[in-house]
Amino acid sequence: MSSHDPKAGRVLLVGAGPGPVDLMTVRAVRAVEGAQALLYDALISEEAIALAPPGCVRIQTGKRAGKPSMHQDEINRLMLRLARKGLRVVRLKGGDPSIFGRVGEEAAFLQDHGVPVEVVPGVTAACAAAAQFGFPLTHRGEARRVVFTTARLEAGALAGDWSAASDPEATMAVYMGGEVAAALSERMIAAGRSPDTPALAVEQAGGAQARLYRGTLATLAGQLAETRGGPVLIVIGEVAAQAGDARALTEEDGARVLRA
């Protein structure tokens, strides 16, 4: 590891939350307002990008699932190069950097090259969806655990170990799950989860145009043909039955609810 020059720059790995600026933390807002170089993911809102000061270098790095984007090693080298120019670099990520945000890889790379790193947490999509649509992620007598996971297909089948899916007291929050919803349902049912388990999907969680799709583990996949191409979070577990009960959800609220 090389020693750090006190006059050199630093990198902040910052969570922008699910989209709206008012769901960013105060620390995150201040980080962006003080940035000299801003590297932002494809789903970061224009409002958040606009917080950067005049003269700040703004670079979109992509990193949207299934879409062309800058490779991770390119992003690492770019952050390093900018920091070595003495800049205060903000790497702005959707949600929370520590949840499927590759924060560990980026922090390790920068620290190995002697660059100081600070991580600023953010509101993750599962928490934003729960707050927006009035359901808890844990609930006494129903959900004692929460599993944050992603899902991907390999040779047409869902990859990975899904033994945790059989736990009836676990809420499963599946990020980027829209395109694999049918395979996810089949795998979870095969693992022992009841087909009648309440399930929901939220497209663009936390945003003004968020959409809620309600159903069961057996029926939810069929409803997702109506999505508009935004990021989809799937929540499976007894708590999903409470969605929509805590507040009146109308078109005027900017969120549309599709019921089974």
Side-chain angles (χ1 to χ4, degrees), residues 1 3-64 69-70 72 74-132 137 148 175 202 204-210 230-231 233 254:
M1 180 185 295
S3 60
H4 177 64
D5 181 352
K7 296 180 181 179
R10 60 190 301 108
V11 176
L12 291 85
L13 306 175
V14 179
V21 167
D22 60 0
L23 286 179
M24 291 177 68
T25 67
V26 173
R27 185 177 294 182
V29 169
R30 288 175 178 166
V32 178
E33 289 176 339
Q36 294 172 302
L38 181 68
L39 279 61
Y40 59 93
D41 286 349
L43 294 176
I44 300 299
S45 70
E46 292 297 328
E47 290 179 292
I49 297 167
L51 294 172
C56 175
V57 177
R58 295 171 172 85
I59 303 171
Q60 186 188 104
T61 57
K63 305 307 295 178
R64 181 171 181 178
S69 62
M70 190 179 293
Q72 187 63 54
E74 295 179 84
I75 296 172
N76 291 348
R77 292 196 301 269
L78 179 58
M79 288 189 294
L80 178 62
R81 187 162 62 248
L82 292 168
R84 283 181 167 172
K85 290 182 178 180
L87 300 180
R88 179 182 172 92
V89 181
V90 170
R91 171 87 164 94
L92 194 59
K93 302 165 175 286
D96 180 274
S98 68
I99 299 179
F100 310 118
R102 296 191 175 182
V103 70
E105 298 173 41
E106 294 180 355
F109 175 86
L110 293 164
Q111 289 165 351
D112 284 347
H113 287 82
V115 175
V117 177
E118 178 183 346
V119 178
V120 179
V123 176
T124 190
C127 296
Q132 186 172 27
L137 292 174
F148 292 165
Y175 286 64
V202 178
Q204 295 182 302
Q209 300 304 314
L233 171 84

More than 12 heavy atoms of other residues, nucleotides or ligands under 6.0 Å from CZ of Arg88: yes or no? yes
Nearest heavy-atom pair of Met70 and Gln60: which atoms, and what distance? CE-O, 4.1 Å
Taking it one step at a time, do Leu12 and Arg30 satisfy side-chain contact (heavy atoms from CB on, under 4.5 Å)? CA-CA 11 Å; Leu12 291 85; Arg30 288 175 178 166; over 6 Å; no
To check you understand the geometry: which heavy-atom pair defines the closest contact between Val123 and Leu23, and what is its length? CG2-O, 3.6 Å
Find out whether Glu106 and Val119 are in side-chain contact, i.e. whether some heavy atom of one side chain is under 4.5 Å from a heavy atom of the other. no
Residues which pass side-chain hydrogen bond (donor to acceptor under 3.5 Å, both in side chains) with Ser45, listed by chain and number, not counting sequence neighbours: none
Return the minimal non-hydrogen interatomic distance between Val14 and Ala28, and the atom names on each side. CG1-CB, 3.6 Å
In this structure, NE2 of His113 is separated from CZ of Arg77 (nearest 0.5 Å) by 10.0 Å
Please confirm whether the backbone N or O of Pro231 pairs with a side-chain atom of Tyr175, one donor and one acceptor, at under 3.5 Å? no
Here the pair of heavy atoms bringing Ile44 nearest to Lys93 is CD1-C, 3.6 Å
Donor-acceptor pairs are to be reported for all side-chain atoms of residues 47-58 against protein atoms at under 3.5 Å, with residues two or more places apart or in another chain.
unit_1: Arg58; atom_1: NH1; unit_2: Cys56; atom_2: O; d: 3.4
unit_1: Arg58; atom_1: NH2; unit_2: Ala52; atom_2: O; d: 2.9

Could you tell me whether the side chain of Glu74 reaches within less than 4.5 Å of the side chain of Leu78, counting heavy atoms only? no
Nearest heavy-atom contact between Leu233 and Ala125 is CD2-O, 3.8 Å
Heavy-atom distance under 4.5 Å between the side chains of Val120 and Pro97, does that happen here? no
Heavy-atom check, side chain of Ile75 versus side chain of Arg102, under 4.5 Å: no
Could you check whether any side-chain N or O of Gln132 sits under 3.5 Å from a backbone N or O of Gly206, counting only pairs where one atom can act as donor and the other as acceptor? yes
Where is the tightest heavy-atom contact between Gly122 and Asp96, given as atom of each residue plus distance? N-OD2, 3.0 Å
Rounded to the nearest 0.5 angstrom, the OG-CZ distance for Ser98 and Phe148 is 9.0 Å
Heavy atoms, side chains only, cut-off 4.5 Å: are Asp41 and Thr61 in contact? yes
What is the distance from atom CG of Leu110 to atom CZ of Arg91, rounded to the nearest 0.5 Å? 10.0 Å
Do Leu82 and Leu39 have side-chain heavy atoms sitting under 4.5 Å apart? yes
